[in-house]
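Before any comments, here is the structure.
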Amino acid sequence: MSDSTKEIPAAPSDFIRDIVAKHVAEKKYPHIHTRFPPEPNGYLHIGHAKSICLNFGIAREFGGICNLRMDDTNPTKEDVEYVDSIRADVNWLIAGWADKNLGLNNSKPFYASDYFDQIYEFAIALIKKGKAFVCDLSPDETDEYRRQGKASPFRDRSVEENLDLFARMKAGEFPDGKRSLRAKIQPDSPNIWLRDPLIYRIKHAEHHQTGAKWCIYPMYDFAHCLSDYIEGITHSICTLEFEVHRPLYDWILESLDLPRALPKQYEFARLALGYTVMSKRKLMQLVNEKLVTGWDDPRMPTISGIRRRGVTPEALRNFAYNIGITKYNGITDVAVLEHAIREDLNKRALRRLAVLRPLKIVIANFPEGKIEELDAVNNPEDENAGKRKIPFSRELFIERDDFQEIPPPKFFRLKPGGEVRLKYAYIIKCDEVVKDASGKIVELRCTADLDSKSGGATAGRKVKGTIHWVSAKHAIDVEVRLYDRLFTVPEPDADGDFKKFLNPHSLEVITAKLEPSLKDAKSNERYQFERLAYFALDKDSSPEKIIFNRTITLKDAWAKEAQKI
RNA sequence: UGCCCGAUGGUGUAACGGUAGCACAGCAGACUCUGAAUCUGUUUGUCAUGGUUCAAAUCCAUGUCGGGCAGCCA
């Protein structure tokens, strides 16, 4: 099987795609048009990635377009910093996959705020139809009336008075909260969102896009369906909590007697992932309280954090594909994400030798000063990745974990008197354990079977274990950041304070010994330090100070076995 | 409390009235110059009770459990 056919999974199927496919078959719309509408009030997280993959995936599979739209109707919570991060994250996730299906407005995202003039006109049209009114009730009174299903006493104002008052709201004559524009639907509807919902509120606040132009802003329910209509969206896909809003979405559009086909809203379950939190509020808390280094901290479930950690967009997309789309609110096992990451990295990562926690060994029968250049395979999964040379000498470092003075059963690494193969090099035997005054092992004296090198006379000799190593005088000392799960429990936000479940060991910074070729590591490459984990250069890495992030460990069957003992 | 939505192995998902399948995880084994990868085998499931039907995970009713909404947030 060729790689290209292997890498493109069969088009996924789910209840939303089934609906779209049916509409395509019926030729219900000239073309399919979706949208991804984040509010720029925080960074995108992996839950948004699910939505991006759904919306752009549909556009891609059905030859349509997916608009990137900032849902920016609440200026007091939003910021351009977030606009910029959202653009970067979306572009990164869809690059080379659905970038041709990305709908932009003069190479910029769409903004709901671009439509404020039109939305205002739609509000006036609604007033003229007698379907909206200006209400003088205070916020508290409004709540109370709606709870009781009671009509506002201002419900029956004349169209003229409503028009006048709404114009004066816009002109800035009233303070925040003094009046609002409400849809006139049904004060005692069983659906709260049909109980004459607010569609415009007064907010004397500058907007990051429209500046000081407005002091009234449309509510989500009013702006969203109209933005969809204005952009010609056919399928407006959102998460389950908007399900109860759907009748309002339809009511607004139908009440306006619009000439073109109306968009329809469909809802799916948002992603919940084990061992993390997903709400923007909680993520913001972690950032503000400096419990992480920022929105793009590699431990964060944000797209920027995941990217910085070293995960590729392909892995994230495969994950999104694997979890499916339903209306069931479940919690996805992180193992599914981790599997998608490992599967992707296994195919692409360049293999390298690196020792995280060094233990010095001396090969007594290897001449002092002699250096051998050994051939090493860059990627056994990809022949085209070629080979490289790694230096071998008398003094080496091996992983401390790879030696046990008193080995447990089934330990087939190095032990006193035991043999092990040094990857790409010789079979060695441990002759002597050297300790310091405190009893700590500081060095191992070994001898090598000098014929056992690859291609040598005894190269075929079987020993149970193979371990990695670096040449002591050639290895480079590099900062390596070892990341682990941010939380210690599968559902940190199940109840109470999620912060008490923060994993104190979610980051460990060490100086590791790497094979010299890693001096030239590239930020767009992925590396596997053999037998350990996958790594990528951190965004703060420079030639002067190289920094590696551990993206994810290799599966470790020995750790599991050792636990049983 | 009212309204809305949902329920298939441990987890996530498929089966669209006709053989309950897939992935992850788990377990056992093979292979291995990565205890990785790969390969083989395997444990575990239709929320409950009624009804419709030759036939129900699927349709209907009731119940149970879970989620959402009840901001001038989105």
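Chain letters run A, B, ... following the sequence lines, proteins first and then strands; every chain starts at 1.
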When you compare B:rC24 with B:rA20, how far apart are their P atoms, in angstrom units rounded to a whole number?
-> 23 Å

For B:rG21, decide between syn and anti, treating a glycosidic angle within 90° of 0 as syn.
-> anti

side-chain hydrogen bond (donor to acceptor under 3.5 Å, both in side chains) involving A:Arg155 - partner list, sequence neighbours excluded = A:Asp196

Might you work through the side chain to side chain contact (heavy atoms under 4.5 Å, CB included) test for A:Arg400 and A:Val355, ending with a clear yes or no?
-> CA-CA 9 Å; A:Arg400 282 205 103 88; A:Val355 173; over 6 Å; no

Whole-Å C1' distance, B:rA7 and B:rU40 = 35 Å

Quote, to the nearest angstrom, the P distance that separates B:rA48 from B:rG10.
-> 13 Å

A:Ile323 atom CD1 is separated from B:rC22 atom C1', nearest whole Å, by 16 Å

Taking the six-membered ring of A:Tyr527 as reference, does the NZ or CZ atom of A:Arg352 fall below 6.0 Å from its centre and within a 45° cone about the axis?
-> no

Which whole number of Å gives the distance between the P atom of B:rA23 and that of B:rA14?
-> 15 Å

Those residues that, when tested against A:Phe133, pass ring pair (Phe, Tyr, Trp, His ring centres under 6.0 Å) (two or more places apart) = none

What residues form a side-chain hydrogen bond (donor to acceptor under 3.5 Å, both in side chains) with A:Lys513, not counting sequence neighbours?
-> A:Asp477

Sequence neighbours left out, what passes side-chain hydrogen bond (donor to acceptor under 3.5 Å, both in side chains) with A:Asp188? Give chain and number order.
-> A:Gln186

Could you give the distance separating B:rA36 and B:rG12 at their P atoms, to the nearest angstrom?
-> 27 Å

Whole-Å gap separating P (B:rU11) and CG (A:Leu337) = 19 Å

Rounding to 0.5 Å, atoms CG (A:Leu194) and NE2 (A:His245) come to a distance of 11.0 Å

Nucleotide B:rU46, atom C1' - distance to OH of A:Tyr328 in whole Å = 13 Å

Separation of A:Ile363 CD1 from A:Ile428 CD1 (nearest 0.5 Å) = 4.5 Å

Inter-nucleotide P distance (B:rG17, B:rC59), Å rounded = 9 Å

Given the C1' atoms of B:rU11 and B:rG45, what is the spacing between them in whole Å?
-> 12 Å

How far, in whole Å, is B:rU52 from B:rC60 if one measures between their C1' atoms?
-> 7 Å

What does nucleotides 59-74 of chain B look like as a protein-contact string, B for base, S for sugar-phosphate only, - for none, at under 4.0 angstrom between heavy atoms?
-> --------SBSSSBSB

Which nucleotides of RNA chain B pair, in dot-bracket form (Watson-Crick or G-U under 3.5 Å, | meaning another strand) | (((((((..((((....[..)))).(((((.......)))))....(((((..]....))))))))))))....

Which residues share a ring pair (Phe, Tyr, Trp, His ring centres under 6.0 Å) with A:Phe366, sequence neighbours left out = A:Phe392

If you look only at pairs with a residue in residues 452-467 of chain A, which of them pass as a salt bridge (Lys or Arg N to Asp or Glu O under 4.0 Å), with sequence neighbours excluded?
-> A:Glu372-A:Lys453, A:Glu419-A:Arg461, A:Asp449-A:Arg461

First locate atom CG of A:Leu345, then atom CD of A:Glu314, and finally report the distance between them rounded to the nearest 0.5 Å.
-> 10.5 Å

Can you check the A:His339 NE2 to B:rC22 P distance for me, whole Å?
-> 15 Å

With sequence neighbours left out, the residues meeting side-chain hydrogen bond (donor to acceptor under 3.5 Å, both in side chains) with A:Glu515 are A:Arg388, A:Ser517

Do you know which of A:Asp401, A:Asp402, A:Asp556 makes salt bridge (charged side-chain N to carboxylate O under 4.0 Å, His left out) with A:Arg531?
-> A:Asp402

Any chance you could list the contact pattern along nucleotides 29-37 of chain B? Use B for base contacts, S for sugar-phosphate-only contacts and - for none, protein heavy atoms under 4.0 Å, 5' to 3'.
-> ----BBBSS

All N/O contacts under 3.5 Å from nucleotides 14-18 of chain B to the protein, with atom names and distances to one decimal?
from, atom 1, to, atom 2, distance (Å)
B:rC16, N4, A:Asp18, OD2, 3.1

Do any pairs count as a salt bridge (Lys or Arg N to Asp or Glu O under 4.0 Å) and have a residue in residues 236-247 of chain A, sequence neighbours left out, and if so which ones?
-> A:Glu241-A:Arg270, A:Glu243-A:Lys327, A:Arg246-A:Glu267

